[in-house]
Amino acid sequence: MNTLDMPWALQLVIALFLLGGAVVALIGSWGLAKLPDFYTRLHGPTKASTLGVGCTLIGSLLFFSHQQDGVSVQEALVTIFLFATAPVSAHMMGKAALRRRLRGVARTRHMPEE
């Protein structure tokens, strides 16, 4: 089976997932480079990894599931592990920064005392 046998609606859905994932990853990497302190910079890549890579994996899952006439277990497992671990790791990094009393920008609320 090749991609010519794939229905155009499925090709459109896969393309939208891939393009959406790429756009979210681009915005997240821009946030990592441009935001002012650790706490705000942590937010961008976390969303980029969860939503951007997640959309890309879902598009890949749809494509390879159609090609193999069954659910692609590898992509499904990677997507589940990604959605479970990315927010937890970001939370742990944020907690570590709070414990180390890492300084944020002046307008950040609820910062630890010096």
Side-chain angles (χ1 to χ4, degrees):
M1 185 175 288
N2 60 22
T3 57
L4 296 176
D5 298 333
M6 190 179 298
W8 69 270
L10 182 60
Q11 290 180 10
L12 180 66
V13 168
I14 291 170
L16 288 176
F17 270 115
L18 294 176
L19 288 173
V23 167
V24 170
L26 177 67
I27 292 169
S29 62
W30 178 77
L32 177 64
K34 296 293 182 181
L35 291 172
D37 67 344
F38 176 80
Y39 301 104
T40 55
R41 278 195 303 263
L42 183 63
H43 186 70
T46 303
K47 298 301 175 216
S49 68
T50 304
L51 296 175
V53 177
C55 284
T56 304
L57 282 169
I58 291 171
S60 173
L61 182 132
L62 290 173
F63 178 79
F64 285 111
S65 293
H66 181 268
Q67 294 296 330
Q68 298 170 357
D69 291 328
V71 176
S72 179
V73 177
Q74 292 87 357
E75 279 93 0
L77 287 174
V78 169
T79 304
I80 290 168
F81 289 138
L82 175 78
F83 286 155
T85 59
V88 172
S89 63
H91 178 73
M92 297 300 286
M93 285 188 281
K95 294 278 283 188
L98 283 173
R99 277 198 181 272
R100 295 193 62 168
R101 301 190 189 289
L102 196 63
R103 195 174 293 202
V105 293
R107 63 184 182 268
T108 302
R109 294 178 293 177
H110 308 296
M111 292 301 300
E113 305 301 323
E114 293 292 329

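Throughout, numbering of the chain's residues begins at 1 and tracks the sequence. Scope of the values below: all heavy atoms of this structure, side chains included, with no hydrogens, waters or symmetry mates.
- Remark: Val24 pairs with Leu51 by the side-chain contact (heavy atoms from CB on, under 4.5 Å) rule, at least two apart or across chains.
- Annotation for Trp8: hydrophobic cluster partners, listed by chain and number, are Leu12, Leu16 (ILVMFWY side-chain heavy atoms under 4.5 Å, direct or chained).
- Across every non-hydrogen atom of Ala48 and Gly28, the tightest pair is CB-CA, 3.6 Å.
- Leu10 and Ile58 fall within the same hydrophobic cluster, defined by Ile, Leu, Val, Met, Phe, Trp and Tyr side-chain heavy atoms under 4.5 Å apart, directly or through other members.
- Criterion: ILVMFWY side-chain heavy atoms under 4.5 Å apart, direct or through other members. Under it, Met93 and Leu102 are part of a common hydrophobic cluster.
- Looking at Leu18, Leu19, Leu61 one by one, the single match for side chain to side chain contact (heavy atoms under 4.5 Å, CB included) with Thr56 turns out to be Leu18.
- One finds the CG atom of Leu57 at 12.0 Å from the CD atom of Gln74 (value rounded to the nearest 0.5 Å).
- His43 NE2 to Leu32 CG: the interatomic distance, rounded to the nearest 0.5 Å, is 13.0 Å.
- Without hydrogens or angle criteria, Thr50 side chain to Lys47 main chain gives no donor-acceptor distance under 3.5 Å.
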Donor-acceptor contacts under 3.5 Å from residues 75-92 side chains, at least two apart:
unit_1: Glu75; atom_1: OE1; unit_2: Ser72; atom_2: OG; d: 2.0
unit_1: Glu75; atom_1: OE2; unit_2: Ser60; atom_2: OG; d: 3.2
unit_1: Thr79; atom_1: OG1; unit_2: Glu75; atom_2: O; d: 2.7
unit_1: Thr85; atom_1: OG1; unit_2: Phe81; atom_2: O; d: 2.7
unit_1: Ser89; atom_1: OG; unit_2: Thr85; atom_2: O; d: 3.2
unit_1: Ser89; atom_1: OG; unit_2: Ala86; atom_2: O; d: 2.9

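- Summarising the geometry, atom OH belonging to Tyr39 is positioned 11.0 Å from atom CZ belonging to Arg103; distances are rounded to the nearest 0.5 Å.
- Residue Gln68 holds its CD atom at 9.5 Å from CZ of Phe63, rounded to the nearest 0.5 Å.
- For the pair Ile14 and Met6, the minimum side-chain heavy-atom distance is below 4.5 Å.
- Judged as a side-chain contact (heavy atoms from CB on, under 4.5 Å), and not counting sequence neighbours, the contacts of Leu35 are Thr40, Arg41.
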